[in-house]
Amino acid sequence: MTPAPHRSHTDDLLAFIAASPSPYHVVASAAQRLEKAGFRELLGTDDWTGATGGCFVARAGALIAWYVPEGAPAHTPFRIVGTHTDSPNLRIKPAPDTGSSGWRQIGVEIYGGVPLNTWLDRDLGISGRLALRCGPDGAPRTRLVQLDEPLLRVPQLAIHLDRTVNEGVALDRQRHIAPIWALGDPREGELLRLVAAAAGEDPADVLGWDLMLHDIQPPGYLGAEREFVVASRLDNQVSVHAGVTALVDAATGVTEPSFVPVLAAFDHEEVGSGSETGAQSPLLERVLSRSVAARGGSDEDWSRALAGAFCVSADMAHAVHPNYAERHDPDHRPLPNGGPTVKVNVNQRYATDSTGIAVFTAACERAGAPWQPFVSNNAMPCGTSIGPLTAARLGVTTVDVGVPGLSMHSARELCGVDDPAYLAAILGAVMAGR
């Protein structure tokens, strides 16, 4: 049976995922938990002078949070946990109202590496944010929207009309993925009116949007002994939730100012991280340098804080697939509930080196949590993460880790029930250095 603390953590994870169908909701959910723990939001336009304790900066789908212990010198080293808030999905086009052959449909773009077949015949809702007419200060206002209703569906072609379907489905990304949602001719502005009404806004005040589809089936448990978690967006909300939990725990338990624990949750990892809120941007660097300056630190203090820093890049990993075991390295076959994996790639698709492994595994020992090594099959392409980007941008030792799972990037993924709690405990040990 799953230990009670692990089940409690995983129950909380499932609630987090259900409340967070888009990157903007992930940030809102994380911010809410941080504020409850006593953290306060800082705006980029604020004066941060003297800011200590728990602070965070939220920008669209990204969040940087940190805790400065009382009496910590400006050169105190950072302990960073890096994650990402986005997941592959279907995103709504700017002119979405379309249709064909008597059906009303919604036009979508494909975001990230989506296994398209997993989105067929699923009941889909709409989530994201609306950009509203600017306020008195000239800045656009935004409003989150979440419609957990069976509004749309991408229908699969019946087998009677394609007898070769079980030999391989060839889906055209433009023609075959537009979801249906009504009968009749397209009605311009129909989607906007629906979403604006759900947000309590006048459609005339909605000047833009970042909207996406999500599977409305709730997350849950699976298996003969309920030892698996099944949910959308495990990649990478497992890591964001663990990072928030670890940061709050580290802040609560600080007795000596050895480190400044940091959570960096970026957007757009699934499409290369090249945005103002992605890991290639200067967002983390600017926030951390301002936090040093806010405490009276000099350029020398900033350099010292980075020189002693350490980063864990936490992103989902591959468990060995029982039906495709030949696609995994024969000597590295992680399983669910065996602890997070430490991911290694000598071509720097992952940033892990031996010193990073040493720091991370020492934290595993302190947390009393297991871990597993991971390396890709040499004949298979290797994924990547924000780890190499963060290591290169900040020049800090970085280790790539992640909870092992199946069906990565699917509309519904799977991991072990114990591993999210193991990851949170280890990240807490890293952040606190104890």
Heavy-atom side-chain proximity of Ile180 to Leu152 below 4.5 angstrom: no

Is the ring pair Tyr350/Phe374 parallel, tilted or perpendicular, if the boundaries are 30 and 60 degrees? perpendicular

Per salt bridge (charged side-chain N to carboxylate O under 4.0 Å, His left out), Asp210 is matched among Arg129, Arg143, Lys93 by Arg129

Do His241 and His9 make the cut of ring centroids closer than 6.0 angstrom? yes

Got a salt bridge between Asp47 and Arg290, using NZ or NE/NH1/NH2 to carboxylate O under 4.0 Å? no

Is there a donor-acceptor contact under 3.5 Å linking the side chains of Asp301 and Ser303? no

Trp48 vs Trp66 aromatic rings, parallel, tilted or perpendicular, using cut-offs 30° and 60°? tilted

State whether the side chain of Thr118 and the backbone N or O of Ala411 hold a donor-acceptor pair below 3.5 Å, judged by distance alone. yes

Under 6.0 Å from the CD atom of Gln348, do we count more than 12 heavy atoms belonging to anything else shown? yes

Using only atom types and a distance under 3.5 Å, with no angle test, would you say the side chain of Thr341 pairs donor to acceptor with the backbone of Lys343? no

Distance from Leu13 atom CG to Cys415 atom SG, nearest 0.5 Å? 7.0 Å

Ion pair check, Arg393 and Glu285, cut-off under 4.0 Å: yes

Assess, by modelled atom type and distance only, whether the side chains of Ser275 and His268 contain a donor and an acceptor separated by less than 3.5 Å. yes

Within the supplied structure, the quantity of interest is the number of heavy atoms (other residues, nucleotides, ligands) at a distance under 6.0 Å from Asp299 CG; does it exceed 12? no

No-hydrogen, no-angle side-chain donor-acceptor test under 3.5 Å, Gln372 and His332: no

Side chains of Pro336 and Phe228: closer than 4.5 Å at any heavy-atom pair? yes

Would you call Asp11 and Arg7 a salt bridge, taking side-chain N to carboxylate O under 4.0 Å as the test? yes

How about Asn377 and His328: does a side-chain donor come under 3.5 Å of a side-chain acceptor? no

